Amino acid sequence: MGRAERSPAQSPRSRYAPGARIEGRTMPDSTPSALSPRVRFAPSPTGFLHVGSARTFIFNWLFARHHHGTMVLRLDDTDVERNTEASVRSIFEGLRWLGLDWDEEYKQSERLDLHRQAAEAIFARGLAYRDFTPAHAGEDTQSGTQGATSREGAASREGAWLCNPGMREMSREESDRRAAAGEPFALRYRVPRGQGRILSFQDGVYGPQSKVADEVEDFALLRSDGMPTYHLASCFDDADLRITHIIRGQDHLTNTFKHLLIFEGLDAAAPQFAHLPLLVAPDGAKLSKRKHGPVVSVTTYRDAGFLPQAFINFLCLLGWSPKNDREFMSIEEIRDLFSLDGVNRANAVVNFKEDDPFDSKAVWLNAEHLRALPVEELARCIEPFLKQAGFQAAPEKVAAVTPLIRERIKLLSEAVSAADFFFVAELTPYDPAELIPQKGDAALARRVLEKAQEVLAATPFDHDSLDKGLREAAAALGLKAGPMFQPIRVAVCGRKNAPPLFETLVVLGRETCLERIGRAVEKLGDRL
RNA sequence: GGCGCUAUCGUCUAGGGGUUAGGACGUGAGAUUCUCAAUCUUAAAACCCGGGUUCGAUUCCCGGUAGCGCUACCA
């Protein structure tokens with residue numbers, strides 16, 4: 001790396017700008033792709049949709065839509081052992097919830113023949129060889145320094161593993177003979193060595209990258225069961241689907257050198273690359289279900305009552321910034337503002353805690369998006385949560401309640417606890433002491449409630465009339481608003497903290513209010 | 001072990017050779033209010049360490065340290 005690979009004129013922080021001429025880039029940019037990029041999101045269905053994957057998908061989508069390009073969804077399901085139908089379903093479920101679309105869809109498993117042919121072609125060109133070394137059975141033999149009795153000793157002596165002995169140099173005759181005899185083998189790329197070859201590319205986020213080829217190990221193209229590896233399948237498909245920009249997690253940054261080699265072996269032009277900083281947990285570790293639980297699954301956010309646009313907004317801010325201090329943005333705004341130039345290079349922490357599973361900024365953004373929604377729409381979002389809680393949530397009722405709780409909830413699911421008293425037939429038992437105002441006694445509370453009964457029975461049930469009537473009643477009792485309203489609020493809502501009183505009374509209706517106040521008076525009876 | 005990437009308030013980030021280092025979330029205080037919430041004001045809070053270059057580095061370069069990634073016939 002320490003060589004004069006970057007041109008002096010080029011600032012190390014210069015980034016790839018779409019359509020711009022890049023110094024020292026590997027591939028010609030005369031492709032029409034510069035005008036209409038094709039990007040892909042390629043999840044492997046080994047679990048639910050991960051928030052990190054979701055962000056990668058979102059960034060690809062933003063890039064595609066910003067540049068009026070094409071978004072390809074490709075299921076990278078070459079690992080038959082680990083892929084499951086359930087995972088495929090859950091990934092689509094997550095993507096559907098996000099509400100972002102794609103234009104083309106592929107399944108790698110349906111392209112196996114193509115992948116094998118590609119491997120065959122690379123082999124035919126002499127760029128790959130058969131490796132008859134038995135596959136590692138163990139999991140911890142990752143050093144791979146075959147035959148190493150002490151792999152640590154071997155590793156420290158020899159550095160990284162590059163290839164298995166005797167395989168790379170094996171004559172074609174012997175290789176053919178052993179293959180014909182049915183001996184299993186993996187197909188490995190013959191990484192160019194001893195030629196001082198430098199592999200390099202211009203990363204859209206990380207800038208110029210290069211590595212000496214001698215340090216790249218002879219990676220596998222085909223497993224001994226004939227299945228293509230991720231590297232081969234992915235690169236072949238990227239080339240075959242004419243992907244122009246690969247936007248993916250930074251964990252692939254060093255894999256890119258191998259990919260460059262595969263594209264070369266495929267005799268295909270390499271696309272542009274842009275790697276995204278990783279999303280990590282507060283402990284710095286990569287987000288994992290095992291370690292961090294359901295917070296890494298997109299559906300957890302959905303079920304907790306996040307709005308997809310808020311979730312997307314939050315994820316975009318992790319590792320990207322519009323650089324104008326904007327944070328609360330609609331998807332359209334983000335799409336218009338989006339640029340790889342704004343992508344950061346350092347990993348971003350999703351700041352969740354044990355007791356508080358969601359990043360406070362995500363929650364805040366959700367509250368903002370909630371309030372930005374037209375009431376009718378918000379009501380429609382809230383309805384399922386209410387129903388799930390077992391409430392008879394008729395659309396009209398929900399629509400009436402929504403404006404009262406809109407500023408009081410941060411997550412859709414909180415509507416249940418914020419609005420329960422509108423839906424239950426009977427209030428959950430509360431402490432009658434709550435009915436009594438700060439500086440007052442049960443007798444005062446009783447007077448207030450009885451007065452309220454009078455007023456409510458005789459006043460037209462609209463906000464202004466109730467406001468007027470109840471305030472006059474307070475004056476008549478020689479009370480300020482606080483001590484007057486608290487008993488009523490508690491009687492009617494079953495708690496001290498609730499939406500503004502008059503609106504609440506209106507939505508509840510005269511009958512319910514009177515009934516609940518009557519009950520409150522009874523409760524108070526014991527305390528007199 | 002090897003190779004690579006990264007490093008600004010607790011977190012997400014802006015910035016960049018000379019700044020009171022900006023914003024946001026969260027936190028504290030106050031205002032407003034029929035409670036809560038929302039809203040407004042306000043406070044505390046950061047340039048990893050060491051060298052170099054320079055009149056001057058948080059910014060550029062080198063080194064260190066730390067974190068992360070890759071080092072699989074996983075993706």
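In the text below, chain A, chain B and the rest are named by the order of the sequence lines, each starting its count at 1. As the structure is a prediction and not an experimental result, all values here were calculated from the model.
- Of all nucleotides present, none satisfies the Watson-Crick or G-U wobble test against rU53(B) with each distance under 3.5 Å.
- Considering only residues two or more places apart in sequence or on other chains, R489(A) meets the side-chain hydrogen bond (donor to acceptor under 3.5 Å, both in side chains) condition with none of them.
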Produce the list of close N/O pairs, under 3.5 Å, pairing protein atoms with atoms of nucleotides 31-34 of chain B; give distances to one decimal.
residue: rC34(B); atom: O2; partner: R489(A); partner atom: NH2; Å: 2.1
residue: rC34(B); atom: N3; partner: L501(A); partner atom: N; Å: 3.4

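- Checked against side chain to side chain contact (heavy atoms under 4.5 Å, CB included), P437(A) has the following partners two or more places apart in sequence or in another chain: L444(A), A445(A), P483(A), Q486(A), P487(A).
- Here R188(A) reaches the OP1 or OP2 of rC73(B): one of its side-chain N or O atoms lies under 4.0 Å away.
- Contact annotation for P43(A): no contact, since no heavy-atom pair falls under 4.0 Å across all strands.
- rC3(B) is paired with rG69(B) under the Watson-Crick or G-U wobble criterion, all donor-acceptor distances under 3.5 Å.
- Residue pairs meeting the ring pair (Phe, Tyr, Trp, His ring centres under 6.0 Å) criterion with at least one member in residues 466-485 of chain A, sequence neighbours excluded, are F485(A)-F502(A).
- Counting any heavy atom pair closer than 4.0 Å across all strands shown, S224(A) reaches a base atom.
- The side chain of A348(A) lies closest to rC12(B), out of rC5(B), rC12(B), rC73(B).
- Atom C1' of nucleotide rC25(B) and atom CE of M329(A) are separated by 14 Å, given to the nearest angstrom.
- Legend: residues meeting side chain to side chain contact (heavy atoms under 4.5 Å, CB included) with S321(A), ordered by chain and number and at least two apart, are K323(A).
- Within the structure, the side chain to side chain donor-acceptor pair (under 3.5 Å) test picks out the following pairs touching residues 273-283 of chain A (sequence neighbours left out): D203(A)-H275(A), R248(A)-H275(A), T256(A)-H275(A), D283(A)-K291(A).
- G249(A) comes within 4.0 angstrom of no nucleic acid atom, judged by non-hydrogen atoms across all strands.
- Searching all strands for a Watson-Crick or G-U wobble partner of rU42(B) with both distances below 3.5 Å returns rG28(B).
- Note that OH of Y189(A) is 13.5 Å distant from NE2 of H231(A), once rounded to the nearest 0.5 Å.
- Inspection of the D131(A) and N164(A) side chains reveals an N or O donor paired with an N or O acceptor under 3.5 Å.
- Pair assignment for rA21(B) gives none, since no Watson-Crick or G-U wobble pairing has each distance under 3.5 Å.
- Ion pairing between R116(A) and E120(A) fails under the 4.0 Å rule for side-chain N and carboxylate O.
- Residue K323(A) places at least one side-chain N or O under 4.0 Å from the OP1 or OP2 atom of rA14(B).
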Using a cut-off of under 3.5 Å, enumerate the N/O to N/O pairs linking the protein to nucleotides 37-41 of chain B.
residue: rA37(B); atom: O2'; partner: E407(A); partner atom: O; Å: 2.0
residue: rA38(B); atom: OP1; partner: K410(A); partner atom: NZ; Å: 3.1

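- Under the rule for a side-chain hydrogen bond (donor to acceptor under 3.5 Å, both in side chains), the partners of E217(A) that lie at least two apart in sequence or sit in another chain are K258(A).
- Considering only the side chain of A160(A), rU71(B) comes nearest among rU6(B), rU71(B), rC12(B).
- Remark: Y129(A) engages no residue in a ring-ring contact (aromatic ring centres under 6.0 Å, His included) (not counting sequence neighbours).
- Base pairing of rU33(B) is not made with any nucleotide, judged by Watson-Crick or G-U wobble geometry with both donor-acceptor distances under 3.5 Å.
- In this model, the phosphate group of rC73(B) is not approached by any side-chain N or O of N164(A) to a distance below 4.0 Å at OP1 or OP2.
- Comparing Y230(A) and N497(A) against RNA chain B, the residue whose closest nucleotide sits nearer the 5' end is N497(A).
- When the P atom of rC73(B) is taken as reference, atom CG of L222(A) falls 13 Å away, rounded to whole Å.
- The CG-C1' distance, from D359(A) to rU13(B), rounds to 13 Å in whole Å.
- Shortest non-hydrogen contact noted between P45(A) and S87(A) is C-OG, 2.9 Å.
- In this structure, A498(A) reaches the bases: a heavy-atom distance under 4.0 Å links it to at least one base atom across the strands shown.
- Not counting sequence neighbours, the partners of K361(A) by the side-chain hydrogen bond (donor to acceptor under 3.5 Å, both in side chains) test are E327(A).
- With a cut-off of 3.5 Å on both Watson-Crick or G-U wobble distances, the partner of rC9(B) is given as none.
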Pick out the pairs of N or O atoms, protein on one side and nucleotides 67-70 of chain B on the other, that lie under 3.5 Å.
residue: rC68(B); atom: O2'; partner: N347(A); partner atom: OD1; Å: 3.2
residue: rG69(B); atom: O2'; partner: D251(A); partner atom: O; Å: 3.3
residue: rC70(B); atom: O4'; partner: T254(A); partner atom: OG1; Å: 3.2

For a quick test of your reading: what N or O donor-acceptor pairs under 3.5 Å do the side chains of residues 363-375 of chain A make, sequence neighbours left out?
residue: N366(A); atom: OD1; partner: L307(A); partner atom: N; Å: 2.7
residue: N366(A); atom: ND2; partner: G305(A); partner atom: O; Å: 3.2
residue: N366(A); atom: ND2; partner: K410(A); partner atom: O; Å: 2.7
residue: E368(A); atom: OE2; partner: R371(A); partner atom: NH1; Å: 3.3
residue: H369(A); atom: ND1; partner: L365(A); partner atom: O; Å: 3.0
residue: H369(A); atom: NE2; partner: M329(A); partner atom: O; Å: 3.1

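- Within the nucleic acid shown, T46(A) has no heavy atom closer than 4.0 Å to any nucleic acid atom.
- Residue contacts for H275(A): at a heavy-atom cut-off of 4.0 Å it reaches no nucleic acid atom on any strand shown.
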